[in-house]
Amino acid sequence: MKIAVPSKGRLRDKTLELLEAAGFGTIYADPRALIIPTKYNGIDLVFVRPEDIPWIVESGAAQMGITGHDYVVEAGVEVEEVLDLGYGNSRLVLAVPNNLGIEKAEELPEGTRVATKFVNISKKFINERNLKWKIIKISGSAEIMPGLGAADAIIDISSTGTTLRLHGLKAIEVLLESSARLIVNKEFVNDDKVELVKTMIEGVLKARKKKLLMMNVPERSLKEVLSVLPSMSGPTISKVESTEPMWEVIVAIDESELNDVIMKVKSSGARDILVVNIERLIP
Ligand SMILES: Nc1ncnc2c1ncn2[C@@H]1O[C@H](COP(=O)(O)OP(=O)(O)OP(=O)(O)O)[C@@H](O)[C@H]1O
Ligand SMILES: O=P(O)(O)OC[C@H]1O[C@H](OP(=O)(O)OP(=O)(O)O)[C@H](O)[C@@H]1O
Ligand SMILES: [Mg+2]
């Protein structure tokens, strides 16, 4: 089974980290190799450009892939987006020079030249809004085009907005919200190995939002400590061999509420409180 992954760019490192954490790290191979076996027998990673991943997965050359939602939409392919991976968060925007005082697409005149890598998404936007613009296909560095006089506006990816600001541009419309997605060839959606990969990646993503809290609680404080734990947590409680009646309490907590819960259980009598990372959380 092959998973197509970005060979370079913004998504590469986080994708490889996620796959490693999910048990699909690569075994050593020549750094120039573009197809590398993972530690899980029978699953290989295929290193290709992020924009090519959607059609490579649709063709079945790779059964799964990880790339940006923007490239999935731009490719117009029939694949299943089975997971939003939570990184590569960005948006596809229409941006214009900020000294024109333009706020809406309709304010741009007929014949406006729009530079973009995302030709299909841009064509759809222009047709839906009945705009008579000219699309100029580029392969990157869109933000420099208006300043060069090579275009009047751009449709490009933005996340912090830094590159737009640096080049005197401002976003006036959002065409698409994007993030990294796990995509699957439609014929393989119910394949066992696909289910395995999806389950393990999901397990890593869920675990990243949680921490395991372990503590010792004297019997006399147990009721109060349990009362301050988040209701959905379902703690595990076990008797501790100790000179005084003592219980061990173990519970998975959302990282966002961890510090408050620690202070509450501590003031309720818990001690020897441990915070432990969770590698995977499979519901
Ligand atoms: N600035 C960004 N912040 C967050 N995510 C981004 C950003 N730029 C791109 N992405 C996301 O990463 C995916 C891949 O973009 P990336 O820029 O790595 O590839 P590329 O543009 O095809 O290659 P290159 O940038 O080397 O020309 C995009 O589909 C998008 O979802
Ligand atoms: O909103 P920002 O945080 O400034 O990020 C936006 C920039 O990120 C991407 O460029 P990338 O670094 O991928 O290079 P590229 O232009 O070659 O795609 C995108 O093409 C924008 O230029
Ligand atoms: Mg890029």
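Start at 1 and go down the list; that is how both ligands and their atoms are numbered.
Applying the ring-ring contact (aromatic ring centres under 6.0 Å, His included) definition to pairs two or more places apart or across chains, those involving residues 100-153 are Tyr71-Phe118.
In this structure, Thr199 contributes its side chain and Glu195 its backbone to a donor-acceptor pair below 3.5 Å. Here the side chain of Ser178 pairs a donor or acceptor atom with the backbone of Asp70 at under 3.5 angstrom.
Protein residues with any heavy atom under 4.0 Å from ligand 1: Lys8, Gly9, Arg10, Leu11, Arg49, Pro50, Glu51, Gly68, Asp70, Tyr71, Gly88, Asn89, Ser90, Lys117, Ile157, Ser159, Ser178. Residues of the protein with a heavy atom under 4.0 Å from ligand 2 are Arg10, Lys117, Ser141, Glu143, Asp156, Ile157, Ser158, Ser159, Thr160, Gly161, Thr162, Thr163, listed by chain and number.
The ring pair (Phe, Tyr, Trp, His ring centres under 6.0 Å) test applied to Tyr40 returns Phe24, not counting sequence neighbours.
Between Val93 and Leu164, the closest side-chain pair of non-hydrogen atoms falls below 4.5 Å.
A salt bridge links Arg271 and Glu244; the closest N-O separation between the charged side-chain nitrogens and carboxylate oxygens is under 4.0 Å. Ion pairing of Glu255 with Arg208 is absent here, as no side-chain N (NZ or NE/NH1/NH2) approaches a carboxylate O to less than 4.0 Å. Salt-bridge formation is detected for the pair Arg129/Glu173: a Lys NZ or Arg NE/NH1/NH2 atom is positioned less than 4.0 Å from an Asp or Glu carboxylate oxygen.
Note that the CG atom of Leu281 and the CD atom of Glu202 stand 10.0 Å from one another [nearest 0.5 Å].
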